[in-house]
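Order of the sequence lines fixes the chain letters, A, B, ..., with proteins taken first and strands second; residue numbering starts at 1 for each chain. What you see is a predicted model; the values in this text were computed from it and never measured.
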Amino acid sequence: MFHYIEEQLRQSFAAFLSSTYGVDVPVVVEQPKQTSFGEFALPVAFALARQLRKAPRAIAEELAAKLPPNPGVASVEVAGNGYLNVRLDRGLYAAALLSGEGSSPAGAAAGKVIVEHTNINPNKAAHIGHLRNSVLGDTFVRMLRASGRPVEVQNYIDNTGVQVADVVVGFHYLEQKSPADVAALISQPRFDYYCWDLYARTSQYYTTNPDAIQWRRDTLHAIEHGEGVLAELGHLIADAIVECHLDTMLRLGIVYDVLPRESEILHLKFWARAFEQLKERQAVYFVDEGKNQGCWVMAASHFRDSATGEEGDDDAKVIVRSNGTVTYVGKDIAYQMWKFGLLGLDFHYKPLRTYPDGHEAWVATDEPCELPAPAFGGGAEVYNVIDSRQSYLQDVVVAGLRALGYASQADHSIHFSYEMVALSPRTCIELGIALSEEDRKRPYVEVSGRKGLGVKADDLIDKLIEKAKAEVDSRHPAKPEEERLRIATQIAIGALRYFLLKFTRNTVIAFDLQEALSFEGETGPYVQYAAVRARNILRKLAERGETLPEFSAALDSAAMHRQLQAEDFWQLLLAASKSGTALASALSAGEPSHMARYAFQLAQAFNAFYHDYPILAEENPEKRTFLLWLAVYFKEQLERTLEQVLGIPVPEYM
RNA sequence: GGGACCGUAGCUCAGAUGGAUAGAGCAUCUGCCUUCUAAGCAGAGGGUCGCAGGUUCGAGUCCUGCCGGUCCUACCA
């Protein structure tokens, strides 16, 4: 609603300026820091001062006098050196909210958005760094959907890479296990934890036995060709770990539409097709001499502004190695082309799992399946949620598209980057991770799957649930055990998702266990609690045998106007009606953290209100009805932001 | 060497398109539970926004230089 009025104001003002002054200046609509200044502030007089050669204050006064009346606007005042402060008609605004005007989601239009996230190597348990990726990606998906965009969620599985190979080496060479042995392990719980340790052990083994690297080469070769016991192990392990990851993510409410896999990119000749195009359009060239002799490379000038193209081949990126095999980036170019529907090839698909809500996730296969799959790929816009360390490679992928002549697709390829999650030194010590002297002085220590150094996602979730459970137990000892556990789980999810979202994307999170386990202050549970408090009021009302009044009959705009003279009420209502503005700004900034912050600020406003105004004890009937409506409206808005956009459940009680 | 990001309160972080008195949380201190649950509320202290210039009506925000920190710059994925 707020967003709707903001846009209207912007447009009508621009039209007014254009018709009376014949000037086209972008109209900036701000929200003043001081609430006493009104709902909107327009610094447009400052922008006009130069063009009209007049003092901003004089222009502002002229504008205020000439401006035609605007429906819904109570007053326009000149303030400061030339601000125009706009106040809304509170009664009309509230009446419009009550009748549901202006709440329609923004125009859908546009094409399908593809968001790729998670992308965890299927060789070990997921850790907190992976959680940041998935939660960011999933929340961004929810934001897009809330704004009316159709979205397809992809989770790319690199099931033929070095990381999987290393675990295969661990099972086959170090532990001498057969596929049957491994299958038996898979049927046990926490196979991903087993692999976590084995992967670290194998990596360690290479450092003391350099010759063992040959095992990795043999394994990679076997996996790539899909033959023999090594390949069998590779598939067994990767498929099982993918299931573990899907389970872990489902605990946080994160689901996928389709899982493209590297094995299919290879078998279905995606790369071969992309390579033809790259050669044909001369996006890559063959190197005859120098350090890249025998390779197909992409010139640095394609992906670096500074490079001139005359500097030789040293800065070029190798796409095809001298032994004829393709690098990861090459495969990624083919994959990115498929995402836009530019490859002329498609995967086959089979159902992978049906989620509790009935949603189906599909996985790529190399053979046709009888079940009809939805149409995947062919997006109009592609977001790749990948940490910022890979920005160089993402630049190469986009440069590949551009060099092929797909400029528009290159422009719509967005590296949704984020900084890594590291560990605070204090948390390392707490977890028994040995630190070197250097590390001790650093602000944070990088996690490393190779070293087995990190916090596993499921461990963290378990810890959060345990802590929340203790709180719920102490507050609600009479409630059934199962119910308490369910609520503790919801609180844990809220705490974790909020924690990972509260930082902006390019902030390194120095993960601190104590901070992450906190349920007070700017945390998920704080925000959930505000929603629960609103629910409590309504539940208490029902327990007293009362029903909710018919608000639209009881509250006309005159009544709204009377009640909203109280600044506290107006500010809360205003804040609750700004979810559309918050969503639009969070989307345009590409910052899910903005949405989290909005939810927190709204919760803060409600908590203060809740403390100051006992609704059920209110004796004035009109005021009581109004306050009930305010509570209901707040509850609906916050619940929607939490559940639909942030993926944070709202418990029945806390 | 080249590229990117970061430096704001004791700590962890917000400050979109330059705007009015730079904000939260944590920590510290002081109050508030017989009330719609205190996972809460109210209040206090705490800042030369890394440093120096520049751009203009106006700079935490834009530009230049310096200082400090991090990541990337593989025929690994």
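- Comparing the same atom, C1', in A59(B) and in C75(B) gives a spacing of 48 Å after rounding to whole Å.
- As judged by a 4.0 angstrom heavy-atom cut-off over every strand, V508(A) is placed among residues touching the sugar-phosphate backbone only.
- A perpendicular orientation is assigned to the rings of F499(A) and F511(A), their planes being inclined by more than 60° (bins at 30° and 60°).
- Contact annotation for F519(A): base contact, defined as any heavy-atom pair under 4.0 Å involving a base atom.
- One donor-acceptor pair, N or O on each side, does fall under 3.5 Å between the base of C75(B) and the side chain of S322(A).
- In the interface, the side chain of R597(A) is not paired with the base of A24(B) through any donor and acceptor atom under 3.5 Å apart.
- Stacking annotation: Y392(A) is not stacked on the base of U73(B) (requires ring centroids less than 5.5 angstrom apart and an interplanar angle below 30 degrees).
- The separation of C5(B) from G15(B), taken at their P atoms, amounts to 16 Å, rounded to a whole angstrom.
- With a cut-off of 3.5 Å on both Watson-Crick or G-U wobble distances, the partner of A16(B) is given as none.
- Under the Watson-Crick and G-U wobble criteria, each requiring two contacts below 3.5 Å, nucleotide C75(B) is left unpaired.
- If you check every strand for non-hydrogen atoms under 4.0 Å, H415(A) touches nothing.
- In the interface, the side chain of N85(A) is paired with the base of A20(B) through a donor and an acceptor atom under 3.5 Å apart.
- Nucleic acid contact class of F46(A) (heavy atoms, under 4.0 Å, all strands): base.
- Base pairing annotation: G58(B) forms no Watson-Crick or G-U wobble pair, as no partner gives both donor-acceptor distances under 3.5 Å.
- Stacking annotation: F37(A) is stacked on the base of A20(B) (ring centroids less than 5.5 angstrom apart, interplanar angle below 30 degrees).
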